[in-house]
Amino acid sequence: MDRTVASGAADGGSTPLRNVEVYMFKLIDGNSISNDILEELKNKASILNVTGKNRVLVDIFVGDDEASKVYIENKKKKFNFVGLKFNQVNLPSNTTEEELIKTIEKYNNDIDTNAIFVELPLPKHINEKNIIDRIDPCKDVDGFGIKCLGSLIQGASSFFPCTAEGIIELLKRSKIEISGKHCVVIGRSNIVGKPVAILMLNENSTVTICHSKTKDLKSICKSADILIVAIGKPKLIDDSYIKEGAIVIDAGIHRSIVDGKKVICGDVDFDKVAPHTSYITPVPGGVGPMTVTMLIKHCIDTVNYE
Ligand code: GUN
């Protein structure tokens with residue numbers, strides 16, 4: 001671990017000097033790690049193309065959610081880079097649950113479709129849970145269905161939720177030891193908090209899951225060797241939550257306009273927290289790029305489930 005120990009006096013020198021540890025933290029660069037993985041996936045995709053096993057994702061988008069439109073464009077670019085087919089299927093916002101299920105079943109049965117992704121959120125009249133479990137588990141590249149989540153608990157191989165798996169990949173590619181570490185996860189969503197906690201447990205970490213009703217959140221966080229924050233509150237976590245030298249992973253993303261300028265931040269107050277860490281992910285450019293990258297990996301891995 002890179003670390004300097006600086007001597008200094010907090011009050012300008014009128015009391016005897018005390019040692020103040022200042023960590024030379026390492027930035028976990030999600031863009032760079034994601035680009036490395038995309039290059040690897042591009043090679044795999046070209047081998048599949050040569051052997052006639054090229055992969056096709058069907059991306060089903062119901063309605064006109066603006067954030068989903070941005071997400072789709074971002075996905076298209078990366079799929080294009082890797083050389084995978086991205087087949088967008090747009091359905092109107094008044095599509096019924098039954099119509100959406102019929103569409104999913106059509107692609108479940110289509111031998112030319114290898115992967116299916118349903119954009120979330122769905123319009124309010126459609127129950128997401130009824131939809132997610134209709135996707136064939138061998139094509140469920142989001143990893144949100146019951147079969148994939150069951151495999152996650154069993155420690156069996158399957159598709160796991162992309163952001164959660166991306167976090168594990170960031171840690172591993174940064175050569176961070178997970179086994180035996182105390183990992184605190186803040187957040188219990190089905191998409192990030194719960195799956196990342198199980199993945200960390202499967203990597204032999206000792207895991208504590210915290211959420212909005214947790215008592216004394218700060219002291220639990222202060223015992224974390226690895227702190228994973230996915231709580232959806234801008235800059236909630238400052239340095240008072242951090243053990244010196246901890247590893248901090250920020251899965252939050254919040255956009256706002258300050259003084260007419262677009263500002264993006266995470267759930268962690270980066271400027272306050274970073275100097276107390278050994279490794280930290282920035283926002284943007286940390287966890288974010290990993291989600292689509294893991295999705296592409298899953299699309300390529302569908303070849304293992306045929
Ligand atoms: N919308 C934003 N992120 C996601 C995701 O990871 N999966 C799905 N299905 N929709 C999303």
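Each ligand, and each atom within it, is numbered from 1 in the order the structure gives. Worth knowing before you read on, the calculation uses all heavy atoms, side chains too, and leaves out hydrogens, waters and symmetry mates.
Phe86 and Phe79 have perpendicular rings, their planes meeting at more than 60° on a 0 to 90° scale where under 30° would count as parallel.
Lys218 and Ser240 are linked by a side-chain donor-acceptor pair at a separation below 3.5 angstrom, with hydrogens and angles left out of the test.
In this structure, Arg255 does not pair ionically with Glu66, as no charged nitrogen and carboxylate oxygen lie closer than 4.0 Å. Using a cut-off of 4.0 Å between Lys/Arg side-chain N and Asp/Glu carboxylate O, Asp59 and Lys75 are scored as salt-bridged.
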Just list the N/O pairs, ligand 1 to protein, that are under 3.5 Å apart, with the distance for each.
unit_1, atom_1, unit_2, atom_2, d
ligand 1, 1 (N), Leu120, O, 2.9
ligand 1, 7 (N), Asp142, OD1, 3.2
ligand 1, 7 (N), Asp142, OD2, 3.1
ligand 1, 9 (N), Val118, O, 2.8
ligand 1, 9 (N), Asp142, OD2, 2.5
ligand 1, 10 (N), Leu120, N, 3.1

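The only member of Arg55, Lys139, Lys53 that meets side-chain hydrogen bond (donor to acceptor under 3.5 Å, both in side chains) when paired with Thr302 is Arg55.
More than 12 heavy atoms of other shown residues, nucleotides or ligands fall within 6.0 angstrom of atom NZ in Lys69.
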